Amino acid sequence: MLTVKKASKLFKGGTAGFKDVSFTIQKGEIVGILGTSGCGKSTLLRVLSGLEQSDSGTIHTGDEQGSQQAGGMIFQEPRLMPWLSVEDNVLFGFEQPKKHTDKAGHYLSLVGLKDFAKSLPRDLSGGMAQRTAIARALASKPSVLLLDEPFSALDAFTKMQLQDLLLDIWEQEKTTMAIVTHDIDEALYLCDRVLVMSGQPGTIAAELKIKQPKPRSRSDINLTVYKEKIFSILEGSHGKAKAQTAK
Amino acid sequence: MKQVNKRLSVFGIGLVLPVLLLVIWEGAARLGLIEPYLLPAPTVVVVSIIDMAQDGTLWGHVSITLYRVLIGFLIGTAAALVIGSAVGYFRRFEQLMDPILQAFRSIPSLAWVPLFLLWMGIGEPSKVTLIAVGVFFPVYLNIVSGIQGVDRKLIEVGKVYRFSSFQLVKRIILPASLPSFLVGIRSGLGLGWMFVVAAELLGASEGLGYLLVLGQNTSSPELIIASILLFAALGKGTDALLKQVEVRSLKWQDNLQNAQ
């Protein structure tokens, strides 16, 4: 679904961004990109979404036809158009929204907002606004759904609800996702595979396959093993400054 | 029903002071406390308006003034919309246009009057041009600041959808800068009314501004006050119209006004 080969994007004289990043994401897979702040993980996602160009390397997104994906990005903030109703926001990517109201209905019921189709963003709570953003991203049927720290601005309880919602959506639609996060628990709860990034510029320090079947329990003792591992990778790379690249 | 009552009471509060003022004014005039050749009673002013309405001259004055404001307003707004959008959106165009426009802006607009009269004579074109110049700057400034103030984060959403520049402008930048644009055209219209007075004072044979001059030359203060009242009513009326447009098109804003 998504193949990245030796991609680099550097700025601030080569001390920020990411370097020589290679990975693939399979269809229906949820992949977490985990790292401390400043390791270039958000930049990586911006490059994947087409908001920025990589300096070198190749990025192959899209399905078998090789079509570029558009619109499947969820930001840290909802970024809804305040002048459009919830429904029109969901259909924002369409040339003629009026023709696709049934689609809006489908995705709004998927995120549990069917009754709010005509509301304005100002009447929504933070969690509801982010649900709308999820529906908007899904409506454009992206080959890979890109999420940039999507729940980090929400309170703990809403965050858990939306993480479960994301898993429900995955159950129903088998959406392929790439989630950038700095929350280890979130990555372990949602992802099939976690790429740990570290260093400045960031490189992929390790790749962990989480074998526990989904849905998982948040207090699953097996997950703490992975957590320990990730901690030691992040600390180790921090100590040695230059990370070893385990692929 | 409650809504209607509430609106009536809000309207009522606003009426208290004007009515009180009118009563005092009328009383003072009747009692001879103020000289009628300086300040006639409100009833005298109203009668003079009714007289003009009856002999048909009122409509002529009002309509020509409205027409001048409207045409000048439209030309000024259209020019500001085109130039302002380009300056707001294209950095290069801003570097090219903004310094000279700011220089022009610092010229008091009334200083143009003699030049316009010289170039275009005393007819309609010079008046309309003066009004258009007056309307242009507030609209232009608000459009530019509105467009430049559009949240980059919203524009990024459009970029993720691979929108073209035209789509970005149409679907994100224009709606997002609409509040600022509407503020601009309201203050532009206000200036339009100011400049129509100047234009008509300086040379006109018809119009509300001409009535001001006529009142001064024939020592009839009721004519001047009648004209002032009509200016106030027309200015307030057209502004209320724009205010309506503003309220309707900005219902989505999460601000103090919509919270009440």
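If you're wondering where the values come from, they're calculated on a predicted model, not measured in any experiment. Numbered from 1 within each chain, the chains take letters A, B, ... in sequence-line order.
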Taking only heavy atoms into account, what residues of residues 134-148 of chain B are found under 4.5 Å from chain A? none

With only heavy atoms counted, which part of A:L80 is less than 4.5 Å from chain B, the side chain, the backbone, both or neither? backbone

Which residues pass the ring-ring contact (aromatic ring centres under 6.0 Å, His included) test with B:F181, not counting sequence neighbours? none

Assess whether side chain to side chain donor-acceptor pair (under 3.5 Å) is satisfied between A:D55 and A:S8, documenting all intermediate values. CA-CA 6 Å; A:D55 298 337; A:S8 299; over 6 Å; no

Using 0.5 Å steps for rounding, measure from the CZ atom of B:F73 to the CG atom of B:L191. 11.0 Å

Could you work out, with side chain to side chain donor-acceptor pair (under 3.5 Å) as the rule, every residue matching A:E171, not counting sequence neighbours? none

Looking only at heavy atoms, what is the nearest atom pair of A:E149 and A:T181, with distance? CG-CA, 4.2 Å

Do B:E246 and B:Q253 have side chains that approach each other closer than 4.5 Å (heavy atoms only, starting at C-beta)? no

With sequence neighbours excluded, give me every side-chain hydrogen bond (donor to acceptor under 3.5 Å, both in side chains) pair touching residues 170-182 of chain B. none

Out of A:L120, A:L51, A:D123, which one racks up the most heavy-atom pairs below 4.5 Å with chain B? A:L51

Name the option with the most non-hydrogen atom pairs under 4.5 Å to chain B; the candidates are A:R122, A:E95, A:R46. A:R122

Which atoms of B:L178 come close to chain A, meaning under 4.5 Å heavy atom to heavy atom: side chain ones, backbone ones, both, or neither? neither

Aromatic rings B:W193 and B:F231: how do their planes relate, parallel, tilted or perpendicular, breaks at 30° and 60°? perpendicular

Please flag which part of A:F92 lies under 4.5 Å from any non-hydrogen atom of chain B: side chain, backbone, both or neither. both

